[in-house]
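Have a look at the structure below, then the notes.
Keep in mind it's a predicted model, so treat the numbers as computed, not measured. Letters A, B, ... are given to chains in the order of the sequence lines, protein chains preceding strands, and every chain is numbered from 1.
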There are 2 protein chains.
Amino acid sequence: MRRPRLQDVATAAGVSTASASLVLRGAPGPGSATRERVLEAAARLGYRPDRAASLLARRRSRLIGVLMDVRSTFHAQLVEDVHEAAEGHGYDLVLSTVTRTRDEARAVETLLDSRCEALVLLGPEAPAARLTALDRQLPVVAVGRPVPSAGVDVVRAADDDGVALAVDHLVDLGHRRIAYVDGGAGVIAAGRRRGYQRAMRRHRLGAHLQVVRGNHTEESGARAARALFGSDLPPTAVATYNDHSAVGLLDALLRSGIDVPGAVSVVGYDDSPLARLAHIDLTTVSQDSPQLVRHAVAAVVERLDGGRTEHREVVVPPRLVVRGTTGPAAVEG
Amino acid sequence: MRRPRLQDVATAAGVSTASASLVLRGAPGPGSATRERVLEAAARLGYRPDRAASLLARRRSRLIGVLMDVRSTFHAQLVEDVHEAAEGHGYDLVLSTVTRTRDEARAVETLLDSRCEALVLLGPEAPAARLTALDRQLPVVAVGRPVPSAGVDVVRAADDDGVALAVDHLVDLGHRRIAYVDGGAGVIAAGRRRGYQRAMRRHRLGAHLQVVRGNHTEESGARAARALFGSDLPPTAVATYNDHSAVGLLDALLRSGIDVPGAVSVVGYDDSPLARLAHIDLTTVSQDSPQLVRHAVAAVVERLDGGRTEHREVVVPPRLVVRGTTGPAAVEG
DNA sequence: CGCCAGTATTAAAGCGCTTTAAGAGCGCTC
DNA sequence: GAGCGCTCTTAAAGCGCTTTAATACTGGCG
């Protein structure tokens, strides 16, 4: 009544375990008669190979470890796509998540102990040195976060270009006084801020540059709204560091009776599920998760199967998702 | 330069692999001198045990498989807590997620192949019969979903009581015309609807019973708003099937200039991150995920370590989270 | 009919760890 | 100093699978 083993299948089919193993993995060798008998026996017994055993016996595990934060909706999206991409290359995944009580180092250790051949780290927070050290053990690719001067592969979105897209879109719509709600310290926020500044100058709108302090929260968006729209000459459009900030801003505007997008246009960043909520319907910048993941998995596979050794950094262009919070600039009086 | 094995540690420490194994797992036996030497050698070599190998050799895997949907924020919360609870009992987790291209059956198979001793299924959608069949292979506990007439353990929130809490709260605030936006077909929606109806009757408000069709989306909440507040005698409070629906409703009210909670109070269900957004600040019913998880893990552990065989169903009382969308009923003219 | 090149099958040696039963060493007592 | 009960250590047998090298068959050819 215990779980059937390969031995049981082999016996039932009247062959050796070697043949049974070959058949069950679709390896060439066994003739069609053997094949059929084994398959039939396996099906009849309800045989399922034991992963631990085959992992141990196999020379290669064909396992990719994925570090994620289970709380992040963006990571959720990425994981979905990683599954698909990895399977396409014949790899399987081991998921390990960071939680309140389980830090990144712990989560990575679990992956290391699981015979992973490579690691895909979603938004890792470990210092670059630690990542570099890891990379000496096995191929590592960091997704979504720039890792300055490290050997690890990096796949990330061009954050500066993303905000530039937002600005371009607003300029196209006739806006000129375009403000930006900042995201605080951090490499990502810096990139986005820079993108805003450059884009404004490129459009010769340097005079209208206006960066409002902020962080990643809604609250920060709401504060920015008060700061921006309490002034004499408020902007006609606002780009924000992320969707949360944008949502806070939107709400504050709504409460003040300022029409969006009639009076003011708003653009977020991330294309989070929040932005897609019907009643928010936020124009935002998408990181193109499928593309990000395709590159990440490709990077891993090339190292493992293609023998690549040189470092690689892929920067994926972001995509503007136009929804309902942006519209033509009101004609000035 | 390859990864060190137990053998290497043992050799370096001048003992057998048996002793090394014992020491590294903190098992009793080895003397303190041996202990020290092994530990030192392991540290020096940077030894990490191979999970696949120890899993294979160990009689028990002490692994609990968790089925989840990586897209669900509720599941994310649960997984966090499961990690904690499982560790407390000396179990480790294997995560497997449902995605667009990876259905529940596939995800469960992965778990089965990973030597899990028991399964914790978060919101499983498989038919009861399938779950019962699974349960014959290993202990299974379904979380958050009632599984009628099956052998599997169930841990879920008392959905009817949850809505009743919402109604009680509204009645306390002086509301009498309390409507309910339904969640459509499904056992969960049925439970919540029943909770509403019973609570209203208990308060002798049967005459004000008003259930509006709906489903789990915001859109449905917005539609409900139009239906409810287009009538002559609109309710002064609305309870909804879930937070999404409530948010849709809130938005529609806001756009119509109906003040919340001044003119109308709204209660959601789930205490999703959505409800916690500062500008939504929705009064809602929480499923108390830590509690849910504690019971789920306890159920599993009792089966595995405690030898329990009889079926169990735990119903966890929900908790009302009062936020900003509920207030005293306006005094009627 | 003997020999060869296939092809189909299998015995056996691991993969890296755990665990058990047996062994080694040691300080006692009588 | 034999005998005993200790504690500490280890040899060896797996765990369930993969894989390699060797063996057993084919039939075809000279």
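- One interatomic measurement links the two molecules: CG of D113(A) to P of dG16(C), which rounds to 14 Å at whole-angstrom precision.
- The distance between atom CD of Q7(A) and atom P of dT18(D), rounded to the nearest whole Å, is 13 Å.
- Atom CG of L55(A) and atom P of dC17(C) are 13 Å apart (whole Å).
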Once base and sugar-phosphate atoms are separated, protein heavy atoms under 4.0 Å mark nucleotides 4-15 of chain D, 5' to 3', with B, S and - as ----SSBB--BB

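- A salt bridge links R100(A) to E80(B): at least one charged side-chain nitrogen sits closer than 4.0 Å to a carboxylate oxygen.
- Base contact: S21(B) has a heavy atom under 4.0 Å from a base atom.
- When only modelled atom types and interatomic distance are considered, Q77(A) and T73(A) share no side-chain donor-acceptor pair under 3.5 Å.
- In this structure, the side chain of R115(B) does not engage the main chain of S61(B) through any donor-acceptor pair within 3.5 Å.
- Ion pairing between a basic and an acidic side chain is recognised when a charged N comes within 4.0 Å of a carboxylate O; D305(A) and R60(A) show such pairing.
- Taking 4.0 Å as the cut-off between side-chain N and carboxylate O, R303(B) and E310(B) do not count as a salt-bridged pair.
- Atom CZ of R60(B) and atom C1' of dT19(C) are 15 Å apart (whole Å).
- One interatomic measurement links the two molecules: CZ of R25(A) to P of dG16(D), which rounds to 18 Å at whole-angstrom precision.
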Run the salt bridge (Lys or Arg N to Asp or Glu O under 4.0 Å) test on R156(A) and E313(A) for me, step by step, so that the C-alpha distance in whole Å, both residues' side-chain angles and the decisive distance to 0.1 Å come before the verdict.
CA-CA 8 Å; R156(A) 61 182 183 84; E313(A) 171 149 4; 2.8 Å; yes

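- Using modelled atom types and a 3.5 Å distance limit, the side chains of S21(B) and R25(B) yield a donor-acceptor pair.
- Atom CG in D8(B) sits roughly 10 Å away from atom C1' in dG16(C) (whole-Å rounding).
- Residues T110(B) and R51(A) share a closest heavy-atom pair of O-CD, 4.2 Å.
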Dump the pairs, protein N or O against N or O of nucleotides 21-26 of chain D, anything under 3.5 Å, distances to one decimal.
none

